[in-house]
Every structure is written in C-alpha cells, then in structure tokens.
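Some notes on the structure that comes next.
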Amino acid sequence: MVLLGESAVGKSSLVLRFVKGQFHEYQESTIGAAFLTQTVCLEEATVKFEIWDTAGQERYHSLAPMYYRGSQAAIVVYDITNQESFQKAKNWVKELQRQASPNIVIALAGNKADMANKRVVEYEEANAYAEENALLFMETSAKTSMNVNDVFMAIAKKLPVGPTQGQDSQGTVDMNQPQQQSKGSCCK
Amino acid sequence: MEIEVPGGSLNPGSGESGVGESGSEKSFSVLQVDLADEESERENEKYLDEEKEEETAEHLLERLMQLPYQVFILSESGRPIFVNSGNEEQLCSLFAVIGIFVERIRLWGDNLITISSNNKHIQFLHKSPLIFCIVSKYPEKLDEQLDVLFEQILSILSKSQLENVYKKKGDNYDLRKLLRGTDRLIESSVSSWRGSPISFVDSSISVIPMNPSDREFLANTMAGSLGAAKLEGALFGIMIAHRQIASYVRFKKYIMHPRDMNIVINLVSDKSLQLSDASTWTPICLPKFNDTGFFYAYISYPWQSQNIPACLVLLSVKRDHFDGLNEVKKSIVEKLEGNSKFFQNFSAAVICPNLFNISQIGNFNESLWSFIYLNHSSKQVCISASK
Amino acid sequence: MSGTRKKALLKVIILGDSGVGKTSLMNQYVNRRFSNQYKATIGADFLTRDVQIDDRTVTLQIWDTAGQERFQSLGVAFYRGADCCVLAFDVTNAASFKSLDSWRDEFLIQASPRDPDHFPFVLLGNKVDLESQRAVSSKRAQSWCQSKGNIPYYEVSAKEALNVEAAFLAIARDALARESQESNDFPEFPDQIRLNPNQQSNSSGSGCNC
C-alpha cells in the first residue's frame with residue numbers, strides 16, 4: 001500500500017504511529033520514499049502490510065506511479081487545518097482513479113484531528129466527497145493515535161482474502177488463510 | 001587550517017555567540033565605495049524613529065559577520081533561494097546586492113570571482129541559472145566549497161530539471177518550491193566538508209579504519225550478492241559509517257567520482273534516513289557521472305536498532321530495482337552476520353572508530369605529529385590522530 | 001515540521017526619474033534597509049518589506065532605482081524575474097510623467113515577462129501635497145493608466161504613508177494571485193540514464209573492490 005498526500009500533512013507520523021506506536025512532534029521531511037512492513041495478528045488471520053511512505057514534495061510528484069502502480073491500497077492523507085492539502089488530496093484521488101489499478105482500495109484520512117480548534121476542512125464535506133468517490137474515510141490523529149489502527153484495518157478488511165500474490169510484492173496486503181494460522185502465535 | 005565547528009547557524013543555543021572580531025561594520029564597508037549621497041543621508045536622519053527595526057537588520061548582519069561562514073544561493077535575477085542561517089526572507093536585500101555585483105561585472109564582459117579583505121573573503125560562482133556565494137573568515141578552497149554546493153543542488157534536481165523549470169515557469173519562479181525539505185542537506189553539504197579531512201585534498205573521500213581482511217570480506221560479500229542478483233543497471237554498492245567509507249564495490253568499468261561519493265554520503269547521513277526496520281528508495285543525481293539523469297538509491301541502516309550506525313547503499317539507474325536490491329541487502333546482511341568474527345570487528349569499528357595512528361606507519365622521531373595519506377587513484381584519504 | 005512552506009517572496013522593481021521622491025517614499029515604507037548608499041555606485045537600493053495578504057505574510061524584495069540616465073543600463077538581471085513593477089512620477093513635474101512610457105517600455109524589453117500584456121504594474125503619482133504646483137492632473141494620469149491595460153493608480157505623498165501601503169498591497173495581491181493560478185504541472189523526471197561502458201575511462205585500474 002502507499003501513502004500519498006501533500007508535504008507535512010502527517011503521512012510519516014501515521015506510519016510511525018501504526019508501525020512503532022511512536023510520535024515525534026518534529027518529524028523530519030521524508031526523502032524519496034520509505035518502505036516498511038508491519039504484520040498484525042488478528043483472531044481470524046494475519047495481515048502483512050507493505051507500506052510505501054512517500055514524500056509529498058512537488059519534485060517527487062511524477063515518481064508517484066512508481067509507488068502506487070501495483071499497490072492494492074492507498075491512503076490519501078490531508079491535514080484538517082489546511083485547505084490546500086485537502087485540494088491536493090482530491091487531485092491524488094483523481095490520479096489514482098485514472099492511473100492506478102482499477103481495484104485499488106482508497107482511504108481518505110483527515111489527519112491532525114487533535115487540532116480541532118484550527119480546523120478548516122469540515123468532517124461532513126470530506127465525508128460527502130469520500131462517499132461520492134467510494135472511498136473509506138476517517139479523521140485521524142497520529143499524535144493521539146485516534147483512528148490510526150482503524151484506517152489500516154479498514155483497508156485490510158476491504159481487500160479480498162487469499163493466498164499471497166507471489167513475488168510481486170510491491171504494496172500487497174498479504175492475508176493468510178485462517179487455517180494456516182496457528183492460533184496463539186503472534187508475530188512481532 | 002583550523003578545524004572549526006561547522007557553523008553558519010543562527011539558531012539560538014547553537015553556540016555561535018560572538019566569537020571573533022567586533023567592528024563588523026567596518027568589514028562590511030569593504031563592499032561599498034563610499035560616495036556620499038547627500039539626499040539619502042538627509043533622509044536617513046529623518047527616520048531615526050525607525051531605529052528599532054533598523055537595528056534589527058543591522059544586528060542581524062552583525063551576527064552573521066561573527067560566524068565562520070555563510071553561503072548564499074540565488075537566482076540570476078537576485079531572488080533568494082537559500083542561506084544557511086535560514087532566514088532568506090529577512091536577508092533578501094543582501095541577495096539582491098550579490099546578484100547585482102555579479103551582473104555588473106558580467107556587463108563589463110568579465111566574471112566576478114572573489115572579493116577579499118584581511119578578515120573576510122567572498123567567493124562567487126555563477127552557474128546559470130543560479131549564483132552561489134560564500135562569505136568566509138578563511139580564504140582556503142572557497143571555490144571547491146561552492147562547487148560542492150552547486151553539485152548538491154544538482155543532485156536534488158539534476159541539471160535538466162533545474163534549467164527546464166525556469167524555462168517553463170519563468171524567471172520569477174521560486175525555486176524554493178522544488179527544494180522544499182532539503183535545507184538540511186544543502187547546509188550539511190558545506191558544513192560537513194569544512195569539518196572533514198576531505199577538505200585537505202581536492203575531491204577526496206574519507207575512509208573508516210578497518211582491518212584489511214575484514215574490509216576484504218565485506219567488499220567480497222557485497223560484490224558477491226550484487227553480482228548474483230544480475231540486476232542490469234545496478235552499478236554501485238557502498239557501506240558507509242560516520243561519513244566515511246567502509247567499503248565500495250562497483251560494476252566493472254563504472255567509477256564513482258569522489259565528489260559524487262560525498263553527495264551520497266551527505267544524503268545517507270541525514271538523520272531522517274537513519275530508520276530502523278525500514279529502507280528508503282529515492283532518486284539522486286550524481287552530477288559527475290551524469291548531470292542530466294537520476295540514479296535510484298536503496299538506503300538501509302540494517303543494524304540501527306542495535307545502535308550500529310552503518311549504512312548500506314545500493315545504486316541503480318533503473319527505478320524498478322527496489323525489490324531486487326531489497327533482496328540483495330537481505331543477502332548481504334545475512335552473510336555478514338553469519339561471520340561472527342567479522343561482524344564483531346565490524347560492529348566495533350563502526351560503533352567506536354579508531355583513528356589511524358602514527359605508529360601504523362612506523363617509528364619516527366618525536367617530530368612527527370600526524371599524517372595524511374592519499375591514494376592517488378582512488379582519491380581516498382586517511383588522516384591520523386595527532387600525537 | 002521541517003519542510004514547511006516558506007513565506008512568499010516577490011521581487012518588486014521601482015522605476016521613475018530621479019527627483020520624483022522614490023527614496024523618501026521607500027524610506028517611509030520599508031522596515032529593513034541595509035544601506036542607502038548603493039544608489040550612487042550601483043544605481044539602485046535594495047529594500048525589504050513584509051506585507052500581510054489574507055493569512056499570508058509576503059516578503060517584498062524591493063529594487064529601487066536611482067533613476068538617473070547613466071544607470072539606465074542596469075543589466076538584464078536587474079529586471080528579470082520581477083513579479084511586479086512600480087512606476088513613479090512627480091505630479092508637479094510633467095517631464096517625469098512623460099518619461100513613464102520609456103520606463104515601462106524599457107522594463108518590458110529588459111524583463112521579457114511571459115505575459116507582457118498582463119504584467120502587474122502600478123503607478124504612483126507623488127508629491128500630491130504640493131497641490132498648488134501640480135502639473136499633471138489626476139485624470140490625465142488615470143487615462144494613461146487605462147491606455148496601458150488598466151494599471152492601478154495611486155496618488156501618494158511622503159506625508160501620506162497610507163496610500164503607499166495600499167499601492168504595494170494591491171500589487172502584491174495581484175502578483176500572488178498570478179502565482180496560484182499557475183497550473184499544477186510537476187517537473188517530469190528525466191529518462192533513464194543511458195549507460196555507456198566506454199565513457200568511464202578514468203585512471204583506476206581493473207574492477208577492484210576498493
């Protein structure tokens with residue numbers, strides 16, 4: 001899966017919170033794109049996320065297809081305190097709809113929900129947009145961890161259960177068959 | 001040349017308090033030919049009540065004067081792009097002055113290179129569409145520092161993108177948009193140069209001390225794994241720690257210029273890349289190799305969680321090589337960890353590097369204090385601890 | 001977080017005959033000036049001023065010319081890359097008004113903006129406090145402005161700082177609006193590097209792992 005969105009909306013923070021349970025107030029700009037994996041044990045299955053955390057700066061924009069082509073899922077992130085980032089998020093959604101795999105699962109995440117007093121993008125507006133475009137939608141806060149796991153899990157649930165897709169591992173969400181999972185063995 | 005604290009930052013608490021001379025105004029006057037402009041002088045007197053803000057501007061300049069160096073990057077039309085003290089907006093008049101100096105000399109059919117006084121040395125580099133300028137306490141190798149700065153910009157944008165963006169968007173384009181997030185990289189390209197042994201020798205790279213047999217094992221392992229992967233276009237593999245090379249392997253017939261190597265070192269040394277359990281895939285232009293196109297760098301700190309700050313970098317011209325290089329890294333890591341004696345030595349060498357020692361070149365009399373060794377063909381330089 | 005947006009920065013050129021009072025207008029307006037002594041040697045002063053436009057702070061990098069003939073050839077780099085241009089004349093001096101055409105023309109020639117017909121100009125008519133000595137009427141100035149694509153006109157005086165501010169705000173706003181209209185097309189990455197094994201014929205020997 002791939003995270004897309006304008007610079008400084010909190011993509012890396014969301015990933016850091018999800019993968020390590022950490023948050024840094026001053027998160028450095030991502031260079032290029034970071035690739036991380038996270039495996040989560042659920043009751044019924046194991047989910048392995050292979051995550052591309054992309055840099056949001058303009059100069060990297062035309063590289064994005066390299067990361068989203070072949071991805072089964074994308075989280076498009078915007079900052080609820082920044083109107084431009086929401087516009088940019090819509091552009092990303094359009095681009096994904098045109099150029100990514102037709103079955104790609106897209107989630108829209110309105111991050112920095114903890115900064116409610118500086119909000120400029122209303123929940124309803126984003127929610128309506130998400131519904132129109134068949135996107136998952138949640139407001140998140142990497143800082144408080146609100147909805148962070150939820151958004152990743154929602155994506156996992158929406159993807160078809162099945163065996164791994166072989167070596168083409170770019171961005172796959174890999175869900176094992178339940179019977180292959182020995183209960184009680186949880187992976188770190 | 002004095003080894004100085006990499007300087008240039010005006011951040012409070014950075015320790016850059018008034019080291020050095022006062023009387024900064026006098027030094028700055030060197031730039032002005034003192035023709036009195038009566039009208040202006042009279043106007044100046046009228047606005048003494050603006051003293052407070054005026055003071056801030058002058059004060060800012062004074063503080064800059066105290067620092068060992070300042071670097072400026074601007075467009076040919078005098079628009080500010082970068083200053084290492086980080087407040088290019090406040091200093092935009094100064095940028096305009098730099099631009100105009102360069103332009104004025106150019107109109108004479110000449111090329112402005114340097115302005116010097118006893119206490120300050122100013123060097124200029126005009127590489128269309130940009131102008132680079134360094135103001136330094138010390139005059140040595142200012143030209144190389146500006147070249148390093150220019151090549152750092154090229155490594156982010158490539159020459160083609162840099163030139164095209166002005167052609168496409170106009171001379172008033174604000175290049176800072178394309179350089180967003182790279183201030184640290186640009187700053188460290190010069191500050192790390194100034195604090196490193198590589199400053200003693202033009203276009204050199206610095207090597208971390210290791211046992212020859214360990215280094216050989218490391219190199220063979222890297223070369224072996226890269227070779228076995230048969231990734232056409234994957235040209236270089238480098239192991240880096242503390243801005244020094246532990247090992248460097250290359251595909252036959254392709255050579256990395258030391259200045260390109262230092263660009264790679266500067267990139268991977270950025271804190272944001274020192275991730276544990278994650279790897280980075282990013283474009284990087286290596287100007288001496290090819291200034292119009294990009295390599296793609298696979299960057300990983302495989303043992304970051306064990307506090308072993310070694311970085312493995314694999315470079316390819318093909319942007320779809322990530323998966324292949326990811327496997328190469330796994331193979332290299334497995335083999336290195338599998339040789340416990342090597343790994344122990346390697347970890348020690350990286351965690352706490354031993355400096356080269358004068359005893360390593362023999363027993364000389366008391367007068368030998370330190371040595372610098374340069375390998376001419378590889379341009380690798382080693383500097384010993386002083387006695 | 002690092003990498004956050006920098007303040008917008010606009011290059012503003014001020015043109016007009018010497019003696020129209022540009023210096024006193026600028027001195028009143030700017031909050032930071034490094035020196036007023038460059039004019040005699042280089043032919044221009046460089047000033048900085050921050051303005052607030054909506055919720056954005058914009059820094060104006062102001063290039064104020066001496067306006068004397070011998071400095072008219074300031075070089076292309078002086079004019080290039082400007083976001084907007086302020087033309088100034090003295091309402092008590094008709095000659096300074098007549099010069100405006102050549103100042104504007106010279107600017108457009110030297111700067112070669114991409115859209116010369118819509119380049120943001122603003123006209124300042126200075127010294128309106130000397131009403132009794134007025135030689136150029138408001139109407140005359142305004143019709144000149146209209147004939148040049150509806151350039152905004154502001155009557156100012158060194159004593160009435162307010163209008164100077166309004167003029168700069170207007171021109172900055174205009175220039176900013178242009179900026180955000182720019183299409184969002186992003187730089188294309190160059191094609192893959194073509195490798196030519198023969199190009200790397202430097203010193204170093206055979207494929208050594210050094």
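What you are looking at is a predicted structure, and each value in this text was computed from that prediction instead of being measured. Chain A is the first sequence line, chain B the second, and so forth, proteins listed ahead of strands; every chain is numbered from 1.
Legend: salt bridge (Lys or Arg N to Asp or Glu O under 4.0 Å) pairs involving residues 116-136 of chain A, not counting sequence neighbours, sorted by first then second residue: R119(A)-E139(A).
In this view, K143(A) and F23(A), E25(A), D114(A), S141(A) satisfy the side-chain contact (heavy atoms from CB on, under 4.5 Å) rule, not counting sequence neighbours.
Using a 4.5 Å cut-off between heavy atoms, I299(B) does not touch chain A at all. Looking at L178(B), both its backbone and its side chain come within 4.5 Å of chain A, counting heavy atoms on both sides. For S276(B), the parts sitting under 4.5 Å from any heavy atom of chain A are the backbone and the side chain alike.
With Y298(B) as the aromatic partner, K329(B) does not meet the cation-pi criteria of under 6.0 angstrom to the ring centre and within 45 degrees of the ring axis.
Between chain B and the residues A34(A), A33(A), S12(A), the largest count of heavy-atom pairs under 4.5 Å involves A33(A). Per-residue heavy-atom pair counts under 4.5 Å with chain A were compared for A297(B), P283(B), S300(B), S279(B), and the maximum is reached by S279(B).
Looking at R243(B) and N266(B), their side chains do bring a donor and an acceptor atom within 3.5 Å of each other.
Ring geometry, F72(B) versus F95(B): the interplanar angle exceeds 60°, so the pair is classed perpendicular (tilted spans 30 to 60°).
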